[in-house]
Every structure is written in C-alpha cells, then in structure tokens.
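Residues: numbered from 1 along the sequence shown. Since this is a predicted model, take the numbers as computed values, not measurements.
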Amino acid sequence: MSWYLVAVVMFAGSIVPDFKINTAVKFHNETSCTEYVNLYEDQLRDGLYRAFSTIESSELICVDQKTAERMQGEMIRRTK
C-alpha cells in the first residue's frame, strides 16, 4: 500500500482544518514517510508557508492511500 505526506493546516479565519496532500512524493510504508518528514520537516514547512501565506498552524502527518482518499473526499464534500 502507498503512503502519502499530508499537511493538516488551519487558515486564518477558518474553524475547519484543510488537508494538503502531497501526491508528488509517494512512500512504500509509514516508516519511510515518517523518516522523510523527520529529515526534511523544516524545508517542508517553509515551502508550505510560502505557498499558503495565510496558514496559522500546520501538522505534517503520514497517511495510507485509503485514508488519503477519504480525506480528499471529505474536502470535496465540504466545497459543494
């Protein structure tokens, strides 16, 4: 099963967290994803805040493909 890096972010003025799923990087297991986050956390956060300047807080997590699909579906339902 594939694993993805997800940023759970809170934007200024929002009470609902948003999910930024990084589909450019895919991992074979949770351990490799977690190691990647530990190694590059500062750079990942810097890039996240550069791309989305109104983020007030963020959390980087690793999720399996099924969870990522559920998160994506939830985001789509919220926008309708």
> Report yes or no: does Ser14 contribute a side-chain atom to a donor-acceptor pair with the main-chain N or O of Phe11 at less than 3.5 Å?
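No; zero donor-acceptor contacts below 3.5 Å.
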
> In Å and rounded to the nearest 0.5 Å, what is the OG1 to CZ distance from Thr67 to Phe19?
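That separation rounds to 10.5 Å.
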
> Nearest 0.5 angstrom please: Ile15 CD1 to Met10 CE, how far?
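Ile15 CD1 to Met10 CE: 7.5 Å, rounded to 0.5 Å.
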
> Any non-hydrogen side-chain atom of Asp64 less than 4.5 Å from a side-chain atom of Glu30?
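No, side chains not in contact.
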
> Going by heavy atoms in the side chains, are Val37 and Cys62 under 4.5 Å from each other?
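Sidechains of Cys62 and Val37: in contact.
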
> Compare all side-chain heavy atoms of Val6 with those of Asn22 and state whether any distance is below 4.5 angstrom.
no

> Say you draw a straight line from OH of Tyr49 to OG1 of Thr54; how long is it, rounded to the nearest 0.5 Å?
10.5 Å

> Taking the side chain as C-beta and beyond, is there a heavy-atom pair between Val63 and Met71 under 4.5 Å?
yes

> Charged N to carboxylate O below 4.0 Å: is that the case for Glu69 and Lys66?
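Salt bridge between Glu69 and Lys66, a charged N being under 4.0 Å from a carboxylate O: no.
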
> If the threshold is 4.0 Å, N to carboxylate O, is there a salt bridge linking Arg70 and Glu74?
no

> Could you check whether any side-chain heavy atom of Phe27 comes within less than 4.5 Å of a side-chain heavy atom of Thr34, counting everything from C-beta outward?
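Answer no - side chains too far apart.
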
> Run the numbers on Leu39 and Glu35 for side-chain contact (heavy atoms from CB on, under 4.5 Å), then give the verdict.
CA-CA 6 Å; Leu39 187 61; Glu35 289 172 353; over 6 Å; no

> What is the distance from atom OH of Tyr4 to atom NZ of Lys26, rounded to the nearest 0.5 Å?
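Atom-to-atom, Tyr4:OH and Lys26:NZ are 4.5 Å apart.
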
> Are Val25 and Ile21 co-members of a hydrophobic cluster defined by side-chain heavy atoms under 4.5 Å apart?
no

> Check step by step if side-chain contact (heavy atoms from CB on, under 4.5 Å) holds for Tyr36 and Leu44.
CA-CA 10 Å; Tyr36 182 86; Leu44 292 166; 4.1 Å; yes

> Any donor-acceptor pair under 3.5 Å linking the side chain of Arg45 with the backbone of Ser58?
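It does hold such a pair.
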
> Atom NZ of Lys20 and atom CG of Leu5: how far apart are they, to the nearest 0.5 Å?
13.5 Å

> Can you check whether Leu48 reaches Ile55 side chain to side chain, under 4.5 Å on heavy atoms?
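Leu48 vs Ile55: side chains touch.
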
